[in-house]
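Reading through the structure tokens given below for one structure.
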Amino acid sequence: MVSILISSSEEYSGKSGLCNGLGRILKDRGYSIGYMKPIGNLLIDKDGFLTDEDAEESRTLLGLDDSLSDITPILQTENLIHDALMGVEKRFDKTLTDAYSNISRNRDIVFIEGSGGIGSGAMYNLSDPEIASILGSKILLVTRYDSIYAIDRILCDLKLVPDSDMVAGVILNEVPESNLEKVSELVIPYLERKGIKVFGVIPQDITLRSVPISDIVDDLNAEVLTGADNLNTLVERYLVGAMEVNSAIKYFRRVPNCAVITGGDRSDIQLAAIEAKAKCLVLTGNLRPSEAVLGSAEEANIPVILVRGDTMSTIKRMESLIGRARIKQELKIEKMMELINNNVDVDNFIKSIGL
């Protein structure tokens, strides 16, 4: 049995997607897999039980029946943070090893998901390298390649690992198409000269950055006016409807699968967005639209949601939401598996971790 801790240079870099994508691929190849997220930092209530959102989603996507208390044995509650800041020493080695023992039983490989960046949890002596050391795991570092500074992050991150033999390698994720040639011809050879194995380069994909309308509703605390049956529809981008109406339809039609953000009093823009088959209307200022708009949206099966905030604050929330889109729909996990199979040397990864 082997284990691999998937760590990252920053939050929302693709750890969950890789855990689930690689997990499903290896499961399809006949391996028995397990999953852990030792520190729960995205706390949710699940049937009266406090757990981690990533852990719950991965448990479902990977078809696991392990106890959530084993999958995520440590929860980053306010009490835990307070005790750490007050200097209360807590040792979680036994908590981790007991949970890991249960998860790894009769398994070929256990995927361990880090929380936040590679150093997250250091205040509890539970950074990713410390957890990997306790559990005897190798580390796979995933980094979002947003600029050349991603190389600096990789080099600095790996200095936090006490033993270079613990590092299996790295995967560069969400690489813009314009940077793929540069990464292939310059970045990968540079890292390999530094002794860092690069298992793959995953390009940006709009499907993975999309969010279901239901997430927009939850994040904006919005009221659903129409289209409540279509909240699972995925939105890839957002557009702001602040232009003259004759230009709006052409503008909206050029960008498929979009949500249109506009003031609740702009019925002309709202009707243009409906005619252009926008996936969703986000109306700001807590201004309800006309009955004509609601009727047209209902007929077109387009959700219309109403938010209290102004347009600028709503745009900021949407930017943040789409920038940290989660992989929890079957369509997304299938796309992630496709990207991994096409862009990651899975056979080399398997060999490197001793599976």
Side-chain angles (χ1 to χ4, degrees), residues 2-20 22-23 33-46 49-62 64 66-104 107 109-144 153 156-158 160-162 166-168 324 326-328:
V2 299
S3 59
I4 184 76
L5 191 153
I6 297 185
S7 185
S8 67
S9 296
E10 63 281 304
E11 292 183 310
Y12 307 113
S13 57
K15 295 186 299 293
S16 295
L18 277 173
C19 280
N20 294 322
L22 283 169
I33 65 167
Y35 166 86
M36 289 182 71
K37 184 180 179 185
I39 305 177
N41 62 328
L42 299 172
L43 303 186
I44 58 171
D45 184 290
K46 177 66 175 177
F49 184 82
L50 195 63
T51 188
D52 180 84
E53 185 176 4
D54 285 334
E56 172 59 25
E57 290 170 1
S58 295
R59 184 174 184 257
T60 300
L61 288 169
L62 295 173
L64 304 174
D66 301 281
S67 165
L68 284 170
S69 60
D70 284 333
I71 291 177
T72 304
I74 301 162
L75 300 177
Q76 189 174 284
T77 61
E78 287 299 322
N79 286 338
L80 179 65
I81 295 170
H82 179 268
D83 286 349
L85 294 175
M86 292 298 292
V88 178
E89 285 289 336
K90 294 184 178 180
R91 299 303 303 179
F92 290 103
D93 297 40
K94 188 174 188 307
T95 302
L96 282 176
T97 54
D98 286 350
Y100 178 74
S101 178
N102 292 333
I103 293 291
S104 62
R107 297 277 170 57
I109 179 171
V110 174
F111 289 93
I112 303 169
E113 181 177 349
S115 59
I118 191 170
S120 296
M123 62 192 296
Y124 325 114
N125 299 310
L126 292 174
S127 66
D128 287 352
E130 288 170 307
I131 290 174
S133 180
I134 292 169
L135 300 181
S137 302
K138 284 186 174 291
I139 294 174
L140 172 64
L141 184 72
V142 54
T143 297
R144 182 192 295 116
R153 295 200 300 271
C156 287
D157 289 346
L158 294 184
L160 299 176
V161 182
M166 293 172 62
V167 179
R324 54 181 173 82
R326 312 186 69 76
I327 296 182
K328 55 185 178 182

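Ser58 pairs by the side chain to side chain donor-acceptor pair (under 3.5 Å) definition with Asn20, not counting sequence neighbours. Here Arg59 pairs with nothing under the side chain to side chain donor-acceptor pair (under 3.5 Å) rule; sequence neighbours left out.
If you take CG on Asp157 and OG on Ser7, they are separated by 7.0 Å, rounding to the nearest 0.5 Å. Here Ser127 contributes atom OG and Leu160 contributes atom CG; the two are 7.5 Å apart, rounded to the nearest 0.5 Å. The CD1 atom of Ile4 lies 9.5 Å from the CG atom of Leu22; values are rounded to the nearest 0.5 Å. Put simply, CG on Leu85 and NE2 on His82 are 7.5 Å apart, with the number rounded to the nearest 0.5 Å. Here the CD1-CG distance, from Ile6 to Leu18, works out to 5.5 Å after rounding to the nearest 0.5 Å. Atom-to-atom distance recorded for Phe92:CZ and Glu130:CD is 12.0 Å, nearest 0.5 angstrom.
Residues Tyr100 and Ser137 bring no donor and acceptor atom of their side chains to less than 3.5 Å of each other. Defined by atom type and a distance below 3.5 Å, a donor-acceptor pair is missing between the side-chain atoms of Thr72 and Thr51.
Scanning both residues, Ala132 and Ile139, for their nearest heavy atoms gives CB-CG1, 3.8 Å. For Asn41 against Glu11, the heavy-atom pair with the smallest separation is ND2-OE2, 4.5 Å. In terms of heavy-atom proximity, Lys37 sits nearest to Pro73 at O-CD, 4.3 Å. Of all non-hydrogen atoms in Gly116 and Lys15, the two that sit nearest each other are O-NZ, 3.1 Å. Contact record, Ala55 with Ile71: CB-CG2, 3.8 Å, taken as the closest heavy-atom pair. Nearest heavy atom pair, residue Leu43 against residue Gln76, reads CD1-O, 3.8 Å.
Ser9 places no side-chain N or O within 3.5 Å of a backbone atom of Val142 that could act as its donor or acceptor partner. Checking side-chain atoms of Ser120 against main-chain N and O of Ser115 turns up a donor-acceptor pair under 3.5 Å. Asp70 contributes no side-chain N or O that, together with a main-chain N or O of Ala99, makes up a donor-acceptor pair within less than 3.5 Å.
A side chain to side chain contact (heavy atoms under 4.5 Å, CB included) with Tyr124 is found for exactly one of Asp83, Ile74, Leu80, namely Leu80. Just one of Ile112, Ile118, Val110 meets the side chain to side chain contact (heavy atoms under 4.5 Å, CB included) condition when paired with Leu5; it is Ile112.
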Inset, instruction - Report the C-alpha separation of Asn125 and Glu89 in whole Å, then their side-chain angles, then the decisive distance to 0.1 Å, and conclude whether the side chain to side chain contact (heavy atoms under 4.5 Å, CB included) test is met. - result: CA-CA 9 Å; Asn125 299 310; Glu89 285 289 336; 3.8 Å; yes

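Look at Lys94 and Asp98 and you find a salt bridge, because one of the NZ, NE, NH1 or NH2 atoms lies within 4.0 Å of a carboxylate O, short of that distance. Note on Asp66 versus Arg107: salt bridge recorded, some NZ/NE/NH1/NH2 to OD/OE distance being below 4.0 Å.
Looking at heavy atoms from C-beta onward, Val161 lies out of side-chain contact with Leu141 at the 4.5 angstrom threshold. Annotation: side chain of Leu68 is in contact with side chain of Glu56 (closest heavy-atom distance under 4.5 Å).
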